[in-house]
Student: 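My questions will all concern the structure given below.
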Amino acid sequence: MNTDWNQVKADVFWGEVAPCDHIVQIYESDAVFIDTLAGFVGNGINSGDCCIVIATRSHLDALDRRLTSFGVRIDTLVEDKRYLPLDAEEMLAKFMVNGWPDEQLFINMVSQLIESCRNTKRRIRAFGEMVAILWAQGHSGATVQLEHLWNKFCEKETFCLFCAYPKTGFTGDINSSVNHICDQHSKIISGSESQITEIYYADKAIA
């Protein structure tokens, strides 16, 4: 994938993301991914945002450990509805029908999540790993459809959305499949370096 990368301070990048941005990272290791996710959520918490995180259980646990090491009080944030950690497998089960995302069930689920945050009168940012689970299971068509549904939903709502995929999940013509996923997003974050203090990113027009 030929990409012109920009470099910026991580806190600046996450502080200036637009409410309509749909960001993706194709990461090479869990360590790099957790760095990025912790920056995304940590900046949101520091900015007073409501952060929705739909991730695998292992990634939720790793994120909790990282945020706790920063001095973040997870229980307090959850109680105040400023941080909503949700199991990606459980969320997928709410709208997948015969291996395909049901649009109305998806809209109902996400609408409820957004509304629970909107009641706090805070800005909203969300991370979703459901697409990565579908992709890892070989459901490429369902993955692209789910990305499309996210984009469609984001057109009517104002929140930043971040997705991530492990690079190991891409086989065959990797450049073609990576580009296919990246075409669904407005910004791409490099997945080969730590993203704690610096973010390497590229702008991408959503196809």
Side-chain angles (χ1 to χ4, degrees), residues 1 3 5-17 21-47 49 51-70 72 74 77 83-92 125-140 143-144 146-147 150 159-171 174-175 177-204:
M1 179 174 61
T3 303
W5 297 103
N6 303 298
Q7 181 180 359
V8 68
K9 293 290 185 183
D11 57 347
V12 172
F13 178 83
W14 292 123
E16 294 183 349
V17 289
D21 269 334
H22 189 181
I23 303 164
V24 67
Q25 181 183 53
I26 311 295
Y27 59 89
E28 295 185 356
S29 72
D30 266 19
V32 169
F33 163 60
I34 293 299
D35 281 348
T36 311
L37 183 58
F40 175 72
V41 175
N43 181 272
I45 291 169
N46 290 336
S47 301
D49 295 354
C51 301
I52 300 169
V53 177
I54 306 173
T56 63
R57 177 49 53 189
S58 62
H59 286 157
L60 286 174
D61 291 344
L63 177 61
D64 279 5
R65 289 193 296 271
R66 182 64 61 85
L67 293 176
T68 299
S69 74
F70 293 160
V72 175
I74 301 294
L77 290 171
Y83 174 51
L84 278 67
L86 301 163
D87 186 288
E89 293 276 9
E90 293 177 3
M91 293 298 103
L92 269 174
R125 62 177 65 191
F127 168 77
E129 199 173 8
M130 297 181 293
V131 287
I133 291 175
L134 290 178
W135 187 267
Q137 293 173 345
H139 303 309
S140 56
T143 303
V144 174
L146 183 52
E147 292 282 18
W150 273 119
F159 68 98
C160 171
L161 177 63
F162 172 37
C163 305
Y165 296 77
K167 191 173 183 179
T168 54
F170 293 84
T171 57
I174 186 169
N175 286 329
S177 55
V178 167
N179 283 333
H180 199 43
I181 290 299
C182 290
D183 283 344
Q184 302 295 316
H185 299 81
S186 59
K187 283 184 171 62
I188 310 161
I189 298 176
S190 171
S192 58
E193 306 96 349
S194 172
Q195 311 289 324
I196 296 177
T197 59
E198 304 283 337
I199 291 284
Y200 298 84
Y201 76 96
D203 291 311
K204 184 87 173 181

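All heavy atoms count here, side chains included; hydrogens, waters and symmetry mates do not.
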Student: For the pair S69 (side chain) and R66 (backbone), establish whether a donor and an acceptor sit closer than 3.5 Å, ignoring hydrogens and angles.
Tutor: yes

Student: Say you draw a straight line from CD1 of I23 to OG of S186; how long is it, rounded to the nearest 0.5 Å?
Tutor: 6.0 Å

Student: Just so I know, are the side chains of E198 and Y200 near enough to count as touching, which here means a heavy-atom distance under 4.5 Å?
Tutor: yes

Student: Applying side-chain hydrogen bond (donor to acceptor under 3.5 Å, both in side chains), can you list everything that pairs with D30, at least two apart in sequence or on another chain?
Tutor: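 Partners of D30 by the side-chain hydrogen bond (donor to acceptor under 3.5 Å, both in side chains) criterion, ordered by chain and then number, come out as H59.
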
Student: Using every non-hydrogen atom in the two residues, find where I54 and A88 come nearest and quote the distance to one decimal.
Tutor: CG2-CA, 3.6 Å

Student: Would a 4.5 Å heavy-atom cut-off, applied to side chains only, mark I34 and R65 as touching?
Tutor: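 A side-chain contact is absent here, since even the closest heavy-atom pair is not under 4.5 Å.
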
Student: Kindly give the heavy-atom pair with the smallest separation between F40 and C160, and that separation in Å.
Tutor: CE1-SG, 4.0 Å

Student: Report the C-alpha distance between I45 and F70 in whole Å, list the side-chain angles of each, state the deciding distance to 0.1 Å, and finish with yes or no for side chain to side chain contact (heavy atoms under 4.5 Å, CB included).
Tutor: CA-CA 12 Å; I45 291 169; F70 293 160; over 6 Å; no

Student: To the nearest 0.5 Å, tell me how far W135 CH2 sits from I26 CD1.
Tutor: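 Between W135 CH2 and I26 CD1, I get 8.5 Å after rounding to 0.5 Å.
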
Student: Using every non-hydrogen atom in the two residues, find where I199 and A10 come nearest and quote the distance to one decimal.
Tutor: CG1-CA, 3.6 Å

Student: Under the rule for side-chain hydrogen bond (donor to acceptor under 3.5 Å, both in side chains), what residues qualify as partners of T36, not counting sequence neighbours?
Tutor: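 Listed in chain order: Q25.
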
Student: Salt bridge check, R57 against D61: does any charged N sit closer than 4.0 Å to a carboxylate O?
Tutor: yes

Student: Which value, rounded to the nearest 0.5 Å, describes the distance between H139 atom NE2 and L92 atom CG?
Tutor: 9.5 Å

Student: We want to know whether D35 and Y27 form a side-chain donor-acceptor pair, criterion being a heavy-atom distance below 3.5 angstrom.
Tutor: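 Distance-only check fails for D35 and Y27.
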
Student: Is the Y201 to F13 ring centre distance short of 6.0 Å?
Tutor: yes

Student: Quick check: closest heavy atoms across P85 and L60, and the distance to 0.1 Å?
Tutor: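 Answer, listing the atom of P85 first, then L60: CB-CD2, 3.9 Å.
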
Student: Could you report the tightest heavy-atom contact between A38 and L67, atom names first, then the distance?
Tutor: O-CD2, 4.3 Å

Student: At what distance, to the nearest 0.5 angstrom, does CD of E16 lie from CG of D11?
Tutor: 9.5 Å

Student: Any idea which heavy atoms bring E129 and A164 closest together, and the distance?
Tutor: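 Answer, listing the atom of E129 first, then A164: CG-O, 4.5 Å.
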
Student: Is any side-chain heavy atom of V144 closer than 4.5 Å to a side-chain heavy atom of E147?
Tutor: no

Student: Of all residues at least two apart in sequence or in a different chain, which pass the side-chain hydrogen bond (donor to acceptor under 3.5 Å, both in side chains) check with E89?
Tutor: none

Student: Would you please classify the geometry between the F162 ring and the W14 ring as parallel, tilted or perpendicular, with 30° and 60° separating the classes?
Tutor: tilted

Student: Where does the angle between the aromatic ring planes of F127 and F33 fall among parallel (under 30°), tilted (30 to 60°) and perpendicular (over 60°)?
Tutor: tilted

Student: Rounded to the nearest 0.5 Å, how far does SG of C51 lie from CG of L84?
Tutor: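 Taking CG in L84 and SG in C51, the distance rounds to 9.5 Å.
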
